[in-house]
Amino acid sequence: MSISRRTFLGGLAGGAGMSLVGTLATPEASAGRSLEAATASPRAGFDPWIEVDAEALRHNVRVVSTLSGGRPILGVVKNNAYGLGLTVAAPVLEAMDEVVGLAVVKVDAALALRNAGLTKPVLLMALFDTDAGAELIARDVDLALTSDDAPERLSEAEDRAGRRARVHAYLDTGMSRMGMPYHRAPAWYARLAEAGVRIRSSFMGFTEEPDFDREQLRRFVDVARRVRDAGGDPGLLHAASSNAVFHLPEAHLDQVRPGIALFGAYPTDWPAEVSIAKDRAAELRPAVRLRARVVRVERLRAGDTVSYGRNYRAERPVWVATIPAGHTDGVVRESVRGARVLIGERTYPVIGAVSASHHIVEVGDEPTVRVGDVATVLGPDHPDVHPNRIAEVTGRSVYDILMHLHAGLPRVLA
Ligand SMILES: *Cc1c(COP(=O)(O)O)cnc(C)c1O
């Protein structure tokens with residue numbers, strides 16, 4: 001990919017196939033367009049922005065579908081769709097036939113999906129109180145049952161809403177975070193059945209510790225068998241997040257429930273996952289870019305230092321460039337440990353310190369970048385800026401790399 005001066009100027013005139021969507025974008029404004037890959041940017045000005053690549057999202061849905069043997073996908077779009085922007089990314093995912101519904105962890109996110117006009121099932125994977133429960137039921141959001149008081153909690157919300165909810169049983173098979181402990185679950189299902197509650201699906205989350213994942217799966221399937229043996233119905237079974245999509249095919253069950261893979265990052269074991277993906281001709285493509293334009297290019301003298309703490313000292317005269325995106329925007333502070341930024345066709349190392357709104361790269365002996373050039377901090381365009389590479393060199397989780405992209409930055413859907 002090359003971003004020339006010409007595409008910069010062309011971009012200023014308004015690039016083809018790009019749309020600027022804010023957090024209040026309607027799905028009509030953002031979904032279903034057939035747009036080119038974002039190889040140029042329409043953004044003028046020096047504020048950073050985030051590009052969401054709809055075709056990459058669609059590609060990743062197809063990849064996950066392939067890897068999970070065509071199972072229906074319940075797409076997890078929590079935490080602002082992993083940083084991409086909930087109302088930007090979710091409509092693109094929802095429009096895919098492979099995606100049967102979406103799942104979130106916060107009430108506001110569930111309501112935001114309905115406010116954005118999405119119509120497929122939305123599951124709130126969290127405890128609800130009566131007020132929120134009633135509103136969610138009224139807005140046709142599916143609820144998770146997680147606790148001993150689920151029958152009473154549900155009936156209060158249903159009474160308040162004046163209608164029945166669609167509900168799903170959340171089981172704890174060893175995560176010890178949310179859900180009904182598996183060893184008490186059979187009796188709990190019996191009480192729910194007595195209360196006339198129909199369970200649409202039962203689900204659990206893995207610890208992602210390989211041997212224990214298998215034990216968790218055994219516990220889960222065993223509960224479902226015992227419920228059925230007792231004449232009950234646990235509904236569909238789902239357990240696989242992205243990690244199990246790659247590493248635990250026996251956990252694909254009735255549907256899969258991935259998040260991060262849909263957005264184009266490998267979940268936990270990057271080199272292994274890339275080789276699994278290559279084997280199946282199913283490589284993920286990062287669907288997000290963090291970009292900004294270079295605001296300053298200067299030549300340091302030998303001995304000059306860079307940024308807070310003076311962690312970088314020029315040994316000899318050297319050119320440096322400032323990029324106006326910092327840790328509040330989602331550039332992790334640990335980028336100084338070896339992350340690189342793509343400008344034009346080359347990548348340059350982050351030096352000194354990442355401050356709130358800026359970071360600085362070493363350009364070298366020649367001023368090969370210019371003020372106004374587009375810098376790609378994160379994206380699919382070069383291996384050095386792939387989210388998994390950034391996670392690797394910074395020692396941060398790839399989940400942090402995506403989810404810490406600032407929700408307030410403008411989103412451009414390409
Ligand atoms: C976050 C989450 C997922 C998706 O996890 P990924 O690792 O992003 O695929 C699935 N299920 C639950 C309960 C979650 O909290």
Side-chain angles (χ1 to χ4, degrees), residues 57 60-61 63-65 67-68 71-84 86 89-90 93 98-107 109-110 121-128 141-147 167-182 200-210 213 216-217 220 236-249 251-270 272-273 276-277 282 284 286-288 387-388 391 396-405:
L57 288 171
N60 296 330
V61 167
V63 163
V64 166
S65 178
L67 290 171
S68 39
R71 301 295 194 296
I73 296 168
L74 181 59
V76 177
V77 292
K78 66 191 181 192
N79 304 330
N80 202 27
Y82 288 62
L84 276 74
L86 180 63
L93 296 175
E98 293 88 340
V99 175
V100 293
L102 299 172
V104 293
V105 178
K106 293 196 173 90
V107 173
V122 171
L123 169 61
L124 179 75
M125 304 187 294
L127 186 66
F128 57 88
V141 173
D142 292 17
L143 300 179
L145 303 182
T146 68
S147 52
V167 298
H168 306 258
Y170 195 166
L171 296 194
D172 173 15
T173 58
M175 186 76 156
S176 305
R177 183 178 68 175
M178 284 294 289
M180 174 54 54
Y182 72 101
R200 305 293 173 132
S201 81
S202 294
F203 68 103
M204 56 153 280
F206 286 111
T207 55
E208 303 184 358
E209 200 276 311
D213 279 357
Q216 286 186 271
L217 181 60
F220 185 50
L236 300 176
L237 303 184
H238 49 105
S241 61
S242 301
N243 179 68
V245 164
F246 279 93
H247 299 293
L248 199 60
H252 294 169
L253 301 172
D254 297 320
Q255 57 188 32
V256 293
R257 203 179 63 243
I260 201 159
L262 301 175
F263 306 104
Y266 295 94
T268 42
D269 189 3
W270 183 29
E273 284 146 5
I276 291 167
L284 300 172
V288 61
N388 288 99
R396 297 287 297 267
S397 154
V398 70
Y399 291 80
D400 297 5
I401 301 299
L402 293 187
M403 289 181 187
H404 295 184
L405 293 171

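As the structure is a prediction and not an experimental result, all values here were calculated from the model. For ligands, and for the atoms within them, numbers begin at 1 and follow the listed sequence.
- Protein heavy atom at the shortest distance from atom 9 (O) of ligand 1 is S242 OG, 2.5 Å.
- At a heavy-atom distance under 4.0 Å, only side-chain atoms of Y399, from C-beta outward, approach ligand 1.
- Near R177, meaning under 4.0 Å from one of its heavy atoms, ligand 1 places the atoms 15 (O).
- Within the model, atoms NE2 of H404 and CG of N80 stand 12.0 Å from one another, a figure rounded to the nearest 0.5 Å.
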Tell me, with the steps shown, if L123 and F203 meet side-chain contact (heavy atoms from CB on, under 4.5 Å). CA-CA 11 Å; L123 169 61; F203 68 103; 4.1 Å; yes
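- Against a heavy-atom cut-off of under 4.0 Å, Y170 is close to the following atoms of ligand 1: 13 (C).
- Heavy-atom proximity to atom 3 (C) of ligand 1, evaluated over N243, V398, V76, is greatest for V76.
- Here the OG1-CE distance, from T146 to M180, works out to 7.5 Å after rounding to the nearest 0.5 Å.
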Please walk me through it: do E208 and S241 pass side chain to side chain donor-acceptor pair (under 3.5 Å)? CA-CA 9 Å; E208 303 184 358; S241 61; 3.1 Å; yes
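- Inclusion of F203 in the set of residues having an N or O under 3.5 Å from an N or O of ligand 1 is not warranted.
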Working for side chain to side chain donor-acceptor pair (under 3.5 Å), residues T268 and E273: CA-CA 8 Å; T268 42; E273 284 146 5; 3.2 Å; yes
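- Among the candidates F206, Y266, W270, the single residue satisfying the ring pair (Phe, Tyr, Trp, His ring centres under 6.0 Å) test with F246 is Y266.
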May I have the step-by-step check of side-chain contact (heavy atoms from CB on, under 4.5 Å) for Y182 and M204, ending in yes or no? CA-CA 10 Å; Y182 72 101; M204 56 153 280; over 6 Å; no
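- Among protein heavy atoms, atom 15 (O) of ligand 1 sits closest to K78 NZ, 2.7 Å.
- At a 4.0 Å cut-off, at least one heavy atom of P258 sits close enough to ligand 1 to count as contact.
- In terms of protein heavy atoms, atom 4 (C) of ligand 1 is closest to Y82 OH, 3.4 Å.
- Residue-to-ligand polar distances place I260 within reach of ligand 1: an N/O pair is separated by less than 3.5 Å.
- Heavy atoms from both the backbone and the side chain of S241 come within less than 4.0 Å of ligand 1.
- The aromatic rings of H168 and H238 lie perpendicular to each other, with more than 60° between the two planes, well past the 30° mark.
- If you check which protein heavy atom lies closest to atom 10 (C) of ligand 1, you get R257 O, 3.3 Å.
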